[in-house]
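Reviewing the structure listed below.
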Number of protein chains: 2
Amino acid sequence: MADPKRARIQDVAEQAGVSMMTVSRVLNQDKKVSDKTREKVMAVVEQLNYRPNVSARRLASTKSFFLGLLYDNPSDSYISQFLLAALKKCRALGYHLVVDEAHTDIDKTIESVKQLIDVTQVDGMILLPPMCDNEQVLDVLTKANVPFVRITPDTKLNRSPYICMDDYQAAFDVTEHLINQGHSKIAHIIGDTKQGVSRLRYQGYLDALRSNKIITPPEYIEQGSFTYQSGMEAAIKLLSLDDKPTAIFAANDDMAAAVISIAQKQGINIPSELSVVGFDDTQLATIVWPNISTVKQPINEMAELAITLLASGQYNDLSNVKSLDLRHILDFELIERESSSANKNN
Amino acid sequence: MADPKRARIQDVAEQAGVSMMTVSRVLNQDKKVSDKTREKVMAVVEQLNYRPNVSARRLASTKSFFLGLLYDNPSDSYISQFLLAALKKCRALGYHLVVDEAHTDIDKTIESVKQLIDVTQVDGMILLPPMCDNEQVLDVLTKANVPFVRITPDTKLNRSPYICMDDYQAAFDVTEHLINQGHSKIAHIIGDTKQGVSRLRYQGYLDALRSNKIITPPEYIEQGSFTYQSGMEAAIKLLSLDDKPTAIFAANDDMAAAVISIAQKQGINIPSELSVVGFDDTQLATIVWPNISTVKQPINEMAELAITLLASGQYNDLSNVKSLDLRHILDFELIERESSSANKNN
DNA sequence: ACTGAAAATGTTAGCGCTAACAACAAATTT
DNA sequence: AAATTTGTTGTTAGCGCTAACATTTTCAGT
């Protein structure tokens, strides 16, 4: 199989009858090219299927075409999905992703981020929770003038562009959906108080009940911590109540899975006697039986958008960016599976 | 903070009083450098903390310093862990990892792999299961002369270097451990028959019983398919037997989790009345309660070794490599958690 | 039409490294 | 001692691209 020699910028230039520099400008979105030339060049680019040589580009330019990703908690399938989507997008845009794991020791994390900036010269960073709320990390990046995008941050929302979904609205919708299915005895297991989303989800639940004029006894609210174990404890309490709920909305899938396990142990049928809804749509939601109804975060879209934003360079200088333009709220999706159904016990 | 300008190969050369080429040779493990010079250069490299510029190196050399990773099944936390470890090692060795997801349509996968070879010019590929057993993929790589390492392959073991663990021995050890804990009524849930590991694990289980002179009724063997659902069905059958097993060894964690769920539903205490052991040490093993005793695969080591082997170039020409040298078997680890314990019902 | 500024395009040099070959020194043979 | 071989180091050119500056074209304003 003859190697069809990858086209170089020179080939494009010759074919299009312009200089290499003009081609370079077209490819780098430089404004100073006439539309006519741009079209002509792009046509040749298509024709020759030209892709810039990342290494040559990196070597010659001040940009590094590297983006950094700082994550925590590697066991989460969330990371895995985010990472894969980010890698894909990077590849499409001619960037490389340098992945760095946060240390439990924050000082080491800071050191590692500094190294990343110094050695790899990243053009931008993506910060995943909970690192995205760490003041020290933010300061290091700001000082080094490295643009960064934060994913579902909890605080300091005007310090950088960020991407999130509307946790409040999702919780509201979940709760209202249960109400529409005939449930009025709806319990909630709150997530880890240290994470902002727990608050938002709880508030969405409360407001959905209130706007539907449903009064809920305080025993229907249990404090969890996002772990399976805490979900079990909460479930045991909720299911020992004299006036049992007909639906339990857990603030994440792990706790929802625990509820299902406890309910089944007690001979309570799911979903006919008890509807269970989770949050996140992690792998667990489709492993256990019955599969968990849940809220799906747009993880892929978040990852892609983060890369796109950093690659565009539009946040390289934040001084002129309005705080409203920092916010990117993506759509979630309610996923109905076998763990919830209409209430037939009325 | 003054930017301490990264050292270049020229800086090293001047400081060491040699030519740039000599430094380059030292760095690329070229044999034709005297020990004295090598040491001198390395000392300066250390002193200046010199790291080669990957882009310049890639641009100038015939190697691409890209390695490819072909995976399947992105939801698995196995992938995530493997990927992170591989990325880390790549970074340490100055390589970049290009990650490609296998399509459900095999023709598209082939096309994608061809692209990877053509466009990215990868120096090597890592194939994860089950793609590592796909003849077409193997053929494409062989034809294009791209070295590849396969992870836990099932067949054609002499076609390429591969990395795996001893599934047979692990299953043997798990079973023997249960026997040593006083269990003699040990059931097994076999994994998906399409995967070679299922066979190996089953055989290990059988041989451990045999070598301990334990006779097991055929009802103790159930066929599963690695899914939670199949684990539930198997568990229901096993726990409805008149002479119930005191221990169940499931061929993966998902099925073990299902067994725990069913047992608890039936009021059977784990581990005092029933020990459950899984395989793989996936996230699930520590999510459910009680945590699942299981076998941990050395995923990180596998990933690191795969990268190291490809980066070393030692498999660039397979014609002189003995088939024994293709095999890399790594150690597994038995992890004892709360789902299993000594048998007290004797 | 003539000027000046702005817009569009071209030219030159070099980013940091290695392939290919050249040159030299040391070891070995004739 | 000269000739050959072997081992080690140096020189030159160029990988594909872009920064910075140079030049040409366009077009308004007079």
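We name chains A, B, ... by the order of the sequence lines, and we start the count at 1 in each one. For clarity, every value in this text was computed on a predicted model and none was experimentally measured.
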**Message:** When you measure from the side-chain N and O atoms of A:Ser24 to the phosphate of D:dC17, is any distance below 4.0 Å, counting only OP1 and OP2?
**Reply:** no

**Asked** Can you find a side chain N or O atom of A:Ser55 that sits less than 4.0 Å from OP1 or OP2 on D:dG16?
**Response** no

**Prompt:** Is A:Ser61 near enough to C:dC15 that one of its side-chain N or O atoms lies under 4.0 angstrom from OP1 or OP2?
**Reply:** no

**Asked** Among D:dC17, C:dC15, C:dC17, which nucleotide sits nearest the side chain of A:Leu59?
**Response** C:dC15

**Item:** Backbone N/O of A:Asp154 and side chain of A:Asp133: donor-acceptor pair under 3.5 Å
**Value:** yes

**Fill in**
CG (A:Leu326) and CG (A:Leu157) are apart, to the nearest 0.5 Å, by 9.5 Å

**Fill in**
A:Arg8 CZ to D:dG14 P, in whole Å, measures 12 Å

**Residue whose closest nucleotide on DNA chain D lies nearer the 5' end, B:Ser19 versus B:Ala56** = B:Ser19

**Prompt:** Could you state the CG-P distance from A:Leu27 to D:dG16, rounded to the nearest angstrom?
**Reply:** 15 Å

**NZ or CZ of B:Arg58 within 45° of B:Phe66 ring axis and under 6.0 Å** = yes

**Request:** Using heavy atoms to find the nearest nucleotide of DNA chain D for B:Ala60 and B:Val18 separately, return the residue whose nucleotide is more 5′.
**Result:** B:Val18

**Message:** Let's go through B:Lys156 and B:Glu135 carefully: what are the C-alpha distance in whole Å and the side-chain angles of both, what is the deciding distance for salt bridge (charged side-chain N to carboxylate O under 4.0 Å, His left out) to 0.1 Å, and is it a yes or a no?
**Reply:** CA-CA 9 Å; B:Lys156 291 154 256 161; B:Glu135 190 110 26; 3.5 Å; yes

**Complete:** In whole angstroms, the gap separating C1' of C:dC15 from CD1 of B:Ile9 amounts to 14 Å

**Message:** If you only use heavy atoms from C-beta on, which nucleotide in D:dC17, C:dC17, C:dT9 is closest to the side chain of B:Met20?
**Reply:** C:dC17

**Prompt:** When the distance from CG of A:Asn53 to C1' of C:dC15 is rounded to whole Å, what number comes out?
**Reply:** 13 Å

**Closest listed nucleotide, where the reference is the side chain of B:Ser34 and the choices are C:dT9, C:dC17, D:dT9** = D:dT9

**Request:** Please state how far atom NZ in A:Lys63 lies from atom C1' in D:dA19, giving the value in whole angstrom units.
**Result:** 14 Å

**Message:** Using whole Å, what does the distance between atom P of nucleotide C:dG14 and atom CE of A:Met21 come to?
**Reply:** 16 Å

**Request:** Kindly give the heavy-atom pair with the smallest separation between B:Ala303 and B:Ala86, and that separation in Å.
**Result:** CB-N, 3.8 Å

**Request:** Send over the distance from B:Glu14 CD to C:dC17 P, rounded to a whole Å.
**Result:** 12 Å

**Message:** Can you measure B:Lys32 atom NZ to C:dA26 atom P for me and round it to whole angstrom units?
**Reply:** 18 Å

**Request:** Pick base, sugar-phosphate or nothing for A:Phe65, based on heavy-atom distances below 4.0 Å to the nucleic acid.
**Result:** nothing

**Asked** Which heavy atom in A:Val18 sits nearest to a heavy atom in A:Val23, and how many Å separate them?
**Response** CG2-CG2, 3.8 Å

**Request:** Report yes if at least one side-chain N or O of B:Thr37 is closer than 4.0 Å to OP1 or OP2 of D:dT8; otherwise report no.
**Result:** no

**Asked** Is there a donor and acceptor pair closer than 3.5 Å between the side chain of B:Arg58 and the base of D:dG16?
**Response** no

**Prompt:** For C:dT18, does either OP1 or OP2 sit under 4.0 Å from a side-chain N or O belonging to B:Asn28?
**Reply:** yes

**Request:** Output the single nucleotide from D:dA19, C:dA8, D:dT18 whose closest atom is nearest the side chain of A:Thr62.
**Result:** D:dA19

**Request:** Determine: side-chain N/O of A:Arg57 to OP1/OP2 of D:dT18, distance under 4.0 Å, yes or no.
**Result:** yes

